[in-house]
Amino acid sequence: MKVTVVGAGAVGATCADNIARKELASELVLLDIKDGVAEGKAQDMMQTAALLGFDTKITGSTSDYSKTAGSDVVVITSGLPRKPGMTREELIGVNAGIVKGVAENILKHSPDTIIIVVSNPMDTMTYLALKSTGLQKHKIIGMGGALDSARFRYQLSQHLGASPADLNALVIGGHGDTTMIPLIRHATWNSAPVSDFLSADQQKQIVADTMVGGATLTKLLGTSAWYAPGAAGAAMVEAIVRDEKKLFSCCVSLEGEYGQNDICLGVPVILGKNGWEKILELKLNAEEKELFKKSADAVRSMNDVLSALPA
Ligand SMILES: NC(=O)c1ccc[n+]([C@@H]2O[C@H](COP(=O)([O-])OP(=O)(O)OC[C@H]3O[C@@H](n4cnc5c(N)ncnc54)[C@H](O)[C@@H]3O)[C@@H](O)[C@H]2O)c1
């Protein structure tokens, strides 16, 4: 297996580090536009191999896409992160140009690859990657729900005094502070509904804290978070390269599912060697359906901005 991570910044490097430690690929390429950064981080990570005991061969490249040739999976993390007070949506102008260019370059050398889009605003960047490359829909997957669901499980664990690993909880919809939908009614603690253990006020608080999970960290760190985003990207790579058929909330192209068309949005999918292999249609109640529709409307108006950007 060969995996490429584009963008050797905070999220990209953390994602690569996770991929190497778990030996998800025999070859791992880190690519960045900044002279020497990807090469430097690749070498630094390679120097952990003797200490951590992994065999993955990591190489770095400054914008030389020929080094990425034959990649099975590519994770795109290149682009600006948000600063305190910014929304993910404010990044669209700069990041659209970056993501489009990167996706095109990647496909020149790895036409059959599976692409995981991380750059924000992620739902719109995933849609852009799908439309601009014409790659088969199952091979373009946005990472947002995997992270937001992990943050949701963290919030639940804090209130329940439970292990996050014992909690099942999904966030669907857009990957934005106001567009994500933490499905608390569906969340369970080892199969028991969490609502059996939490008051209505606690549930509301958990949902609210999950939705601003990223913004809370951006305020503390001065830039957006990287440990959980990097780990979430790597977990998706793992499900694909190991053909795990694991369920993640991912941003994928909808063609009628959840009542939506011509949009990429977060829904539960099965990840395996073919990319996203199946969408699970959850039985949403009227309120959840309405939230999903509102989320889709907001993401669609963000997608509309793409047509106003220079080609
Ligand atoms: N989807 C999610 O859940 C999620 C979570 C966290 C961050 N993000 C997003 O991921 C992106 C990266 O965040 P970060 O914190 O790693 O930022 P960062 O600034 O640390 O790293 C970004 C890297 O991209 C590189 N880059 C820029 N243009 C490039 C190009 N054309 N080709 C190759 N590399 C290029 C930069 O040189 C930099 O090293 C941001 O858009 C951020 O908003 C998404």
Side-chain angles (χ1 to χ4, degrees), residues 1-81 94-119 125-126 128-130 132-136 139-143 226 229-242 273-275:
M1 281 288 169
K2 178 167 175 176
V3 175
T4 290
V5 178
V6 181
V11 177
T14 307
C15 182
D17 188 35
N18 278 279
I19 291 169
R21 285 173 193 242
K22 291 182 155 191
E23 294 187 315
L24 301 181
S26 50
E27 238 188 297
L28 175 60
V29 179
L30 199 52
L31 183 145
D32 203 282
I33 200 170
K34 270 191 226 142
D35 245 345
V37 168
E39 287 87 340
K41 291 202 180 179
Q43 219 178 92
D44 191 10
M45 271 179 228
M46 272 311 285
Q47 290 166 7
T48 69
L51 301 162
L52 300 172
F54 62 76
D55 279 327
T56 298
K57 181 173 167 257
I58 314 163
T59 51
S61 160
T62 303
S63 302
D64 178 0
Y65 281 84
S66 68
K67 301 252 171 66
T68 69
S71 293
D72 298 286
V73 184
V74 176
V75 186
I76 301 181
T77 74
S78 45
L80 295 187
V94 181
N95 286 357
I98 294 175
V99 169
K100 188 165 177 274
V102 166
E104 284 165 1
N105 279 320
I106 281 295
L107 288 175
K108 277 184 206 153
H109 298 275
S110 306
D112 296 323
T113 197
I114 292 168
I115 294 182
I116 297 176
V117 179
V118 176
S119 315
M125 294 302 111
T126 305
L128 171 68
L130 180 79
S132 66
T133 61
L135 195 63
Q136 198 213 349
K139 294 186 162 188
I140 303 240
I141 314 163
M143 190 292 285
W226 56 88
M236 288 168 61
V237 170
E238 183 170 16
I240 294 166
V241 301
R242 297 202 166 136
K273 65 176 185 311
N274 301 309

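Because the structure is predicted, anything quoted here is derived from the model rather than measured. Here, residue 1 is the first one in the sequence, and each next residue gets the next number.
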*Asks:* Can you give the donor-acceptor pairs under 3.5 Å from side chains of residues 229-238 to other protein atoms, not counting sequence neighbours?
*Replies:*
from, atom 1, to, atom 2, distance (Å)
E238, OE1, K22, NZ, 2.8
E238, OE2, R242, NH1, 2.7

*Asks:* Which pairs pass salt bridge (charged side-chain N to carboxylate O under 4.0 Å, His left out) with one or both residues in residues 59-68, sequence neighbours excluded?
*Replies:* D64-K67
*Asks:* Extract all donor-acceptor atom pairs below 3.5 Å that involve side chains of residues 111-118 and protein atoms in other chains or at least two apart in sequence.
*Replies:*
from, atom 1, to, atom 2, distance (Å)
T113, OG1, S71, O, 3.1
T113, OG1, D72, O, 3.2

*Asks:* Taking only residues at least two apart or on different chains, which pairs with a member in residues 45-54 satisfy salt bridge (charged side-chain N to carboxylate O under 4.0 Å, His left out)?
*Replies:* none
*Asks:* List the atom pairs, with distances to 0.1 Å, where a side-chain N or O of residues 48-58 and a protein N or O form a donor-acceptor pair under 3.5 Å, not counting sequence neighbours.
*Replies:*
from, atom 1, to, atom 2, distance (Å)
T48, OG1, M45, O, 2.6
T56, OG1, A25, O, 2.7

*Asks:* Would you list the atom pairs, donor with acceptor, under 3.5 Å between side chains in residues 26-37 and any protein atom, with sequence neighbours excluded?
*Replies:*
from, atom 1, to, atom 2, distance (Å)
S26, OG, M1, O, 3.1
D32, OD1, K34, N, 2.9
D32, OD2, A8, N, 2.6

*Asks:* Could you give me the CA-CA distance, side-chain angles and deciding distance for I76 and S78, then say whether side-chain contact (heavy atoms from CB on, under 4.5 Å) is met?
*Replies:* CA-CA 6 Å; I76 301 181; S78 45; 3.6 Å; yes
*Asks:* Residues two or more places apart in sequence or in another chain: which of them pass salt bridge (charged side-chain N to carboxylate O under 4.0 Å, His left out) with K139?
*Replies:*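 Partners of K139 under the salt bridge (charged side-chain N to carboxylate O under 4.0 Å, His left out) test: none.
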*Asks:* Assess the residue pair V5 and I19 against the criterion (side-chain contact (heavy atoms from CB on, under 4.5 Å)); give the C-alpha distance rounded to whole Å, side-chain angles, the decisive distance to 0.1 Å, and a yes or no.
*Replies:* CA-CA 10 Å; V5 178; I19 291 169; 4.1 Å; yes
*Asks:* Which residues satisfy the side-chain hydrogen bond (donor to acceptor under 3.5 Å, both in side chains) test with S63, sequence neighbours excluded?
*Replies:* none
*Asks:* What verdict does the side-chain contact (heavy atoms from CB on, under 4.5 Å) test give for I106 and T4, after you've listed the backbone C-alpha separation in whole Å, the side-chain angles of each residue and the deciding distance to 0.1 Å?
*Replies:* CA-CA 9 Å; I106 281 295; T4 290; 4.3 Å; yes
*Asks:* Please enumerate all residues that pass side chain to side chain contact (heavy atoms under 4.5 Å, CB included) together with D44, with sequence neighbours excluded.
*Replies:* none
*Asks:* What closest approach, in Å, do A13 and K41 show between heavy atoms, and which atom pair accounts for it?
*Replies:* CB-CD, 3.8 Å
*Asks:* Looking at residues at least two apart in the chain, or sitting in another chain, which of them share a side-chain hydrogen bond (donor to acceptor under 3.5 Å, both in side chains) with T126?
*Replies:* none
*Asks:* Show the nearest heavy-atom pair for residues H109 and T68, with the distance to one decimal.
*Replies:* CB-OG1, 4.1 Å
*Asks:* Got a second to check how far M143's CE is from S119's OG, nearest 0.5 Å?
*Replies:* 9.5 Å
*Asks:* With side-chain contact (heavy atoms from CB on, under 4.5 Å) as the criterion, how do N95 and I98 come out once you've worked through the C-alpha distance, each side chain's angles and the decisive distance to 0.1 Å?
*Replies:* CA-CA 5 Å; N95 286 357; I98 294 175; 4.1 Å; yes
*Asks:* What distance do L128 atom CG and I140 atom CD1 have between them, rounded to the nearest 0.5 Å?
*Replies:*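 Atom-to-atom, L128:CG and I140:CD1 are 9.5 Å apart.
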*Asks:* Quick one: does any side-chain atom of T77 pair with a main-chain N or O of V6 as donor and acceptor, under 3.5 Å?
*Replies:* yes
*Asks:* Might you confirm whether atom CD of Q136 has over 12 heavy atoms from other residues, nucleotides or ligands at distances under 6.0 Å?
*Replies:*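 More than 12 within 6.0 Å, yes.
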*Asks:* Go through the structure and list residues passing side-chain hydrogen bond (donor to acceptor under 3.5 Å, both in side chains) with N105, not counting sequence neighbours.
*Replies:*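 Scan of N105 (side-chain hydrogen bond (donor to acceptor under 3.5 Å, both in side chains), adjacent residues dropped) gives K108.
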*Asks:* Going by salt bridge (charged side-chain N to carboxylate O under 4.0 Å, His left out), name the residues that satisfy it together with E104, two or more places apart in sequence or in a different chain.
*Replies:* K100
*Asks:* Could you tell me which non-hydrogen atom of A42 sits nearest to which non-hydrogen atom of G60, and how far apart they are?
*Replies:*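 Minimum heavy-atom contact is CB-N, 3.4 Å.
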